[in-house]
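Since the model is a prediction, treat every value here as computed from it, not as a measurement. The chains referred to below are lettered A, B, ... by the order of the sequence lines, with proteins before strands, and numbering in each begins at 1.
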Amino acid sequence: MRPSHLLFIFLLLLTFIDATLYLHAKRMANDLKTDQALQTIAVAGLGLTDLCIATEARYTRHPAVSDPMAPFMDHPGAIEHFPTGSFWNAPTNTETR
Amino acid sequence: MPMLPKGLEKQLNILDFSLSSLWRRKLKNLSIMLVFALVIFLLGSFQMLTGALTNSADAVLKNTADITIQKMSAGRQEAIPLAYIEKLHSIYGIRAIIPRVWGYYFDESNLANFTIMALDSDSMPDGNKLDLTLAHGHFPKKTETDTVVIGRSVHNILGLGERRIFSLFRPDLSLKSFNMVGLFAQQTDLLTNDLIVMNLSDARDLFNIPPSMATDLCVYVANPSEIETIAKKIAGLLPDTRVLTKKQIQKTYQVVFSWRSGFASICLLTALVAFAILAWDKASGLSPEEKREIGILKILGWETGDILAIRFWESTLVSALAFIIGCTAAYFHVAFFDASLLKPVMVGWSVIHPPFKLLPSVNLADLLLIFTFSVLPYLGATVIPAWRCSTVPPDSVIR
């Protein structure tokens, strides 16, 4: 068998895997729609503002309602020390005071 | 075998030659491809995960309160007096103002942070549908004191099992008991995993907040196009408050995980530096063995164009395969393995780890960006030295 034929077989395999993943994504998107309908009710009914991803610091648990100075407010000259604080970008609420 | 057009047959032969040549140095080429795929996998995973979180936030946070009012004092948020509601009655267009008491409860035995939320859910939009978000039980009614609905991680961390009663400490360290009357469903984990929802009076008792105060006010506006105007009026009437609009809250997750955020920059810089070293190594010249090979091919009658075609095929195969494998692995990582390599970085020291049921975000713009940063420079870095070598007289390189 020519080496190029082996390559084509390998490429076909990759195409097959990626096509399966595409179908998986379509199916998952449908499943998530049901979940998101419930999540939307929770947001409306409880007035939630943020996703529950990191719970260690208030400014990464609720970045939408925290201000960019929150990480440095513990005491004068405080250094931000929570790991998530260095990986999450501060929201730019320029219109807020 | 069917006859192929002459040009295609030639390219197939060159492809065969390139593959054999790659296979001859398989250890070197496979390791380059592996490192390359790893860099692409890391960048791809990060982009797919953050994109998925941003998409989820976009989809679900559209029903958040129109305007949120927080009282500020000395640069910090503090409790807002309920008397402020009276001051806002003069603004035409406000449909409802709902006070909320919420905050964080640090469970010292488990080192977990819970979010306590209390409000009169009956007056909230969709408040009557909230029971649908529960796996079992119901939301506490106004008259039901000392009852709570909790998120699944709170249930696990408190180790409740079949029990329904648990206690939390007030600020003076006296205990307050709660009866769990409902548990949030798995489908809402992304929002409710660390939540304990209770009545306003219970939350005031737990946090020792006077009945005349709340944590913030949720304002609902009759006409959505007036949100900005009403927010400005509120800011004018209550100068010691911070007024957040729905638009600002929705915008948060567009920037929180952008390319400018810390981790993304580190990934990108590491990948670029690693790649720069690789490219520099390649571009600084071919090995004497490779030069000899090019010389021999030229003596055998190969043209400069053919030699370039071999190098082009070689580097295209290595980089394109690394790109496809890296991106596919990134999808697997985010969709099936809960992005387990990136999750510790996203949650830091959090004790509560929400399960990520996320649809990896795959869009053309991100894929093209990763392709441009990785594959194209690699092609340039391998083909250019081959061209420089193939233009010198063959006898000078094989001697």
Side-chain angles (χ1 to χ4, degrees), chain A residues 2-4 6-7 10-11 14 17-18 21-22 24-25 28-29 31-58 60-67 69-70 73 82-93 95-97, chain B residues 12 15-16 19-20 53 56-57 59-61 63-65 68 70 75-76 100 104 113 115 117 119 121 124-127 129-130 132-133 185 187-188 190-194 197 218 242 244 248-249 251-252 255-258 260-263 324 328 331 335 345-350 352 354 359:
Chain A
R2 289 172 71 159
S4 54
L6 284 173
L7 175 75
F10 185 61
L11 284 177
L14 283 178
I17 293 173
D18 286 342
L21 290 183
Y22 177 75
H24 169 266
M28 198 173 178
D31 289 354
L32 280 180
K33 266 186 194 154
T34 331
D35 292 7
Q36 284 174 352
L38 287 181
Q39 289 167 1
T40 314
I41 294 174
V43 167
L46 299 171
L48 303 179
T49 52
D50 289 274
L51 303 183
C52 175
I53 300 165
T55 55
E56 60 169 1
R58 62 200 158 105
T60 48
R61 171 65 182 92
H62 290 108
V65 288
S66 302
D67 51 18
M69 273 304 288
M73 277 183 175
F82 283 110
T84 51
S86 41
F87 300 125
W88 291 43
N89 202 8
T92 46
N93 284 341
E95 296 149 56
T96 55
R97 287 175 299 171
Chain B
L12 266 181
L15 180 62
D16 281 339
L19 284 166
S20 317
L53 288 172
S56 296
V60 302
L61 292 179
N63 279 1
T64 193
T68 308
Q70 302 175 322
R76 292 164 192 272
R100 288 192 306 179
Y104 305 100
N113 250 331
T115 301
M117 173 70 72
L119 77 173
S121 55
M124 294 292 281
D126 283 350
K129 293 187 200 159
L130 271 175
L132 293 174
T133 62
Q187 289 98 316
T188 62
L190 193 61
L191 293 156
T192 59
N193 209 22
D194 70 336
V197 182
C218 293
R242 179 167 58 192
L244 288 163
Q248 286 170 331
I249 286 170
K251 231 167 55 182
T252 305
V255 295
V256 158
F257 306 118
S258 67
R260 281 174 53 215
S261 66
F263 183 65
I324 299 171
T328 310
Y331 186 96
V345 186
M346 302 288 287
V347 302
W349 295 331
S350 311
I352 295 172
L359 176 65

Next item on the list: Heavy-atom distances under 4.5 Å only: say whether B/L61 touches chain A with side chain, backbone, both or neither.
Entry: both

Item checked: A/T84 (side chain) donor-acceptor with B/V347 (main chain) under 3.5 angstrom -> no

Notebook entry, point to check: In terms of ring plane angle, is the pair A/H62 and B/Y104 parallel, tilted or perpendicular, where the classes change at 30° and 60°?
Noted result: tilted

Note to self: I want to check something: taking the side chain as every heavy atom from C-beta on, are B/V60 and A/L51 in contact at a cut-off of under 4.5 Å?
What the structure shows: yes

Item checked: Part of A/L38 lying under 4.5 Å from any heavy atom of chain B -> both

Next item on the list: Considering only heavy atoms and a distance below 4.5 Å, find which of B/T192, B/I324, B/L190 pairs most often with chain A.
Entry: B/L190

Next item on the list: Check whether any side-chain N or O of B/N113 sits under 3.5 Å from a backbone N or O of A/T55 as a donor-acceptor pair, and report yes or no.
Entry: yes

Check: Side chain, backbone, both or neither: which part of A/L14 has an atom under 4.5 Å from a heavy atom of chain B?
Finding: side chain

Next item on the list: Determine whether B/M117 and A/L48 make a side-chain contact, defined as any pair of heavy atoms from C-beta on separated by less than 4.5 Å.
Entry: yes

Item checked: From B/Q187 atom CD to A/T34 atom OG1, the distance as rounded to the nearest 0.5 Å -> 8.0 Å

Notebook entry, point to check: Which region of B/L359, side chain (C-beta onward) or backbone (N, CA, C, O), has a non-hydrogen atom less than 4.5 Å from a non-hydrogen atom of chain A, or is it both or neither?
Noted result: both

Check: Mind checking whether B/L191 and A/L46 have side chains closer than 4.5 Å, heavy atoms only?
Finding: no

Note to self: Whether the side chain of A/Q36 engages the backbone of B/A59 through a donor-acceptor N/O pair (distance < 3.5 Å, no angle test) should be reported.
What the structure shows: no

Notebook entry, point to check: Of the backbone (N, CA, C, O) and the side chain (C-beta and beyond), which part of A/L6 lies under 4.5 Å from a heavy atom of chain B, both, or neither?
Noted result: neither

